[in-house]
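Heads up: the structure comes next, in structure tokens.
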Number of protein chains: 2
Amino acid sequence: MDDNHLMFCNGKQHMMERFMEVCLLLLLYDETGYGYGLVERLSFFGFSEEQLNIGSLYRTLRKMENESLVTSLWEEGGQGPRRRVYQITETGKVELGRWIDILKMRKARIEKLIGVYDSKTGK
Amino acid sequence: MDDNHLMFCNGKQHMMERFMEVCLLLLLYDETGYGYGLVERLSFFGFSEEQLNIGSLYRTLRKMENESLVTSLWEEGGQGPRRRVYQITETGKVELGRWIDILKMRKARIEKLIGVYDSKTGK
DNA sequence: ATTAATATATGCATAATGCATATAGATACC
DNA sequence: GGTATCTATATGCATTATGCATATATTAAT
């Protein structure tokens with residue numbers, strides 16, 4: 001069972017975009033980024049480039065801007081198509097901190113569940 | 001910040017029902033259960049009884065039955081209103097095993113993300 | 001010219017999910 | 001006997017999440 005398959009259960013994908021949001025906040029924490037370029041940087045967090053839904057990525061970024069977690073501006077004078085460059089806000093950093101707390105709790109709950117599973121299946 | 005609050009970010013709740021599904025499969029792994037009674041047993045996995053959406057619980061159980069992960073029958077001769085009692089299927093046990101794999105990977109990704117956060121914020 | 005790569009964005013359908021509400025039997029209490 | 005409460009299951013509605021397909025435009029390569 002490869003990593004890609006592990007993101008699925010019952011033929012459906014689950015809960016990628018919200019985790020993506022946290023990864024994006026973290027990637028933007030200390031440097032700016034633009035949609036297409038963030039694809040590569042997201043792969044570090046387990047989003048394979050083939051599997052990643054680029055439409056979701058753009059929509060997530062715009063939604064985050066709408067919630068004032070990031071700001072964006074069109075890059076000046078680069079070659080190639082224009083890039084919308086995103087920067088995290090203070091609100092975004094606070095939100096990231098909240099997400100970290102949530103993820104720590106979620107991790108604890110997962111560990112608890114796995115512990116029960118192992119005890120029931122004798123592993 | 002209490003546990004309840006930790007389930008929220010930006011005023012919205014996230015991703016409870018799918019995790020609930022895995023908890024339900026695990027709770028039904030070695031004994032049967034019915035909706036209302038499972039509320040209490042779910043609290044072990046961090047679902048507080050006040051906060052838990054009972055409507056979601058029933059819908060999740062019916063959906064799981066629809067997917068052949070569990071079967072149900074009306075309990076015979078108990079006192080009080082009738083109970084729809086659920087039992088896990090072999091399919092459900094296989095599905096639970098798949099979910100455990102997914103949760104292990106998700107846990108690893110969370111740990112990775114927290115590691116990066118800590119390194120960026122100097123904790 | 002045509003194709004491919006880079007780059008951003010929207011439309012549509014389905015699933016997830018909180019909140020409110022409906023239904024109904026059993027029990028307690030006055 | 002009537003009423004409130006607890007137990008128990010279920011549905012309707014609105015919003016959000018999310019995959020898939022598609023549209024648009026610039027630049028580079030052939």
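Please read all numbers here as calculations on a predicted model, not as lab measurements. Atom set for the values below is all heavy atoms of this structure, side chains included, hydrogens, waters and symmetry mates excluded.
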**Complete:** Nearest heavy-atom approach of B:Gly35 to B:Leu57 is O-CD2, 3.2 Å
**Spacing between A:Glu67 atom CD and D:dT15 atom P, to the nearest angstrom** = 16 Å
**Asked** Are any of B:Tyr58's side-chain N or O atoms less than 4.0 Å away from OP1 or OP2 of D:dT11?
**Response** no
**Prompt:** Whole Å only: how far is the CZ atom of B:Phe19 from the P atom of C:dT17?
**Reply:** 12 Å
**Message:** With a cut-off of less than 4.0 Å, is there a side-chain N or O of A:Ser56 near OP1 or OP2 of D:dG19?
**Reply:** yes
**Item:** A:Leu69 with A:Leu73, same ILVMFWY side-chain cluster at under 4.5 Å
**Value:** no
**Message:** Assuming nearest nucleotide by heavy-atom distance, tell me which of A:Gln79 and A:Asn53 is located more 5' along DNA chain D.
**Reply:** A:Asn53
**Message:** On the nucleotide D:dA10, are OP1 or OP2 found under 4.0 Å from the side-chain N or O atoms that B:Arg84 carries?
**Reply:** yes
**Message:** For B:Ile54 and A:Ile54, find the nucleotide of DNA chain C closest to each by heavy atoms; which residue's nucleotide sits nearer the 5' end?
**Reply:** A:Ile54
**Short side-chain donor-acceptor distance under 3.5 Å, B:Gln87 and B:Thr32** = no
**Request:** Send over the distance from A:Glu65 CD to C:dT8 P, rounded to a whole Å.
**Result:** 12 Å
**Request:** Consider the side chain of A:Tyr36, meaning its heavy atoms from C-beta on, and name the nucleotide among C:dA24, C:dA9, C:dA7 that approaches it most closely.
**Result:** C:dA7
**Message:** I want to check one thing: is the phosphate of C:dT8, taken as OP1 and OP2, less than 4.0 Å away from some side-chain N or O of A:Arg83?
**Reply:** no
**Prompt:** Distance check: side-chain N/O of B:Arg59 vs OP1/OP2 of C:dA15, anything under 4.0 Å?
**Reply:** no
**Prompt:** What is the distance from CG of A:Leu52 to P of C:dT8, rounded to the nearest Å?
**Reply:** 13 Å
**Asked** Would you say B:Glu40 has more than 12 foreign heavy atoms packed within less than 6.0 Å of its CD?
**Response** no
**Presence of salt bridge, B:Lys120 and A:Glu31, under 4.0 angstrom** = no
**Asked** In this structure, which one of B:Arg82, B:Arg84, B:Arg83 forms a side-chain hydrogen bond (donor to acceptor under 3.5 Å, both in side chains) with B:Tyr34?
**Response** B:Arg83
**Request:** Return the residues of residues 23-30 of chain B meeting this criterion: a heavy atom under 4.0 Å from some atom of DNA chain C. Order them by number, or give none.
**Result:** none
**Integer-rounded Å distance: D:dT26 C1' and A:Glu75 CD** = 14 Å
**Message:** Other residues, nucleotides and ligands only: do more than 12 of their heavy atoms fall within 6.0 Å of CD on A:Glu111?
**Reply:** yes
**Asked** Think B:Arg62 has a side-chain N or O under 4.0 angstrom from the OP1 or OP2 of D:dT9?
**Response** no
**Message:** Distance check needed: D:dT16 P versus A:Glu21 CD, whole Å only.
**Reply:** 13 Å
**Item:** Length of the line joining A:Met64:CE and C:dT8:P, which is rounded to integer Å
**Value:** 15 Å
**Message:** Both B:Gly55 and B:Tyr34 contact DNA chain D. Taking the nearest nucleotide for each, which residue is further toward the 5' end?
**Reply:** B:Tyr34
**Asked** What is the distance, rounded to the nearest whole Å, between atom CZ of A:Arg82 and atom P of D:dT24?
**Response** 16 Å
**Asked** Can you hop from B:Val70 to B:Ile54 via hydrophobic side chains spaced under 4.5 Å?
**Response** yes
**Prompt:** Base, sugar-phosphate alone, or nothing: which one does B:Gly37 contact when heavy atoms must sit under 4.0 Å apart?
**Reply:** nothing
**Item:** Contacts of A:Lys112 that satisfy side chain to side chain contact (heavy atoms under 4.5 Å, CB included) - sequence neighbours left out
**Value:** B:Phe44
**Item:** Global bending angle along the helix from C:dA1-D:dT30 to C:dC30-D:dG1, which compares the axes of five pairs at either end, to 10 degrees
**Value:** 10°
**Prompt:** Any Lys/Arg nitrogen of B:Lys63 or B:Glu21 sitting under 4.0 Å from an Asp/Glu carboxylate oxygen of the other?
**Reply:** yes
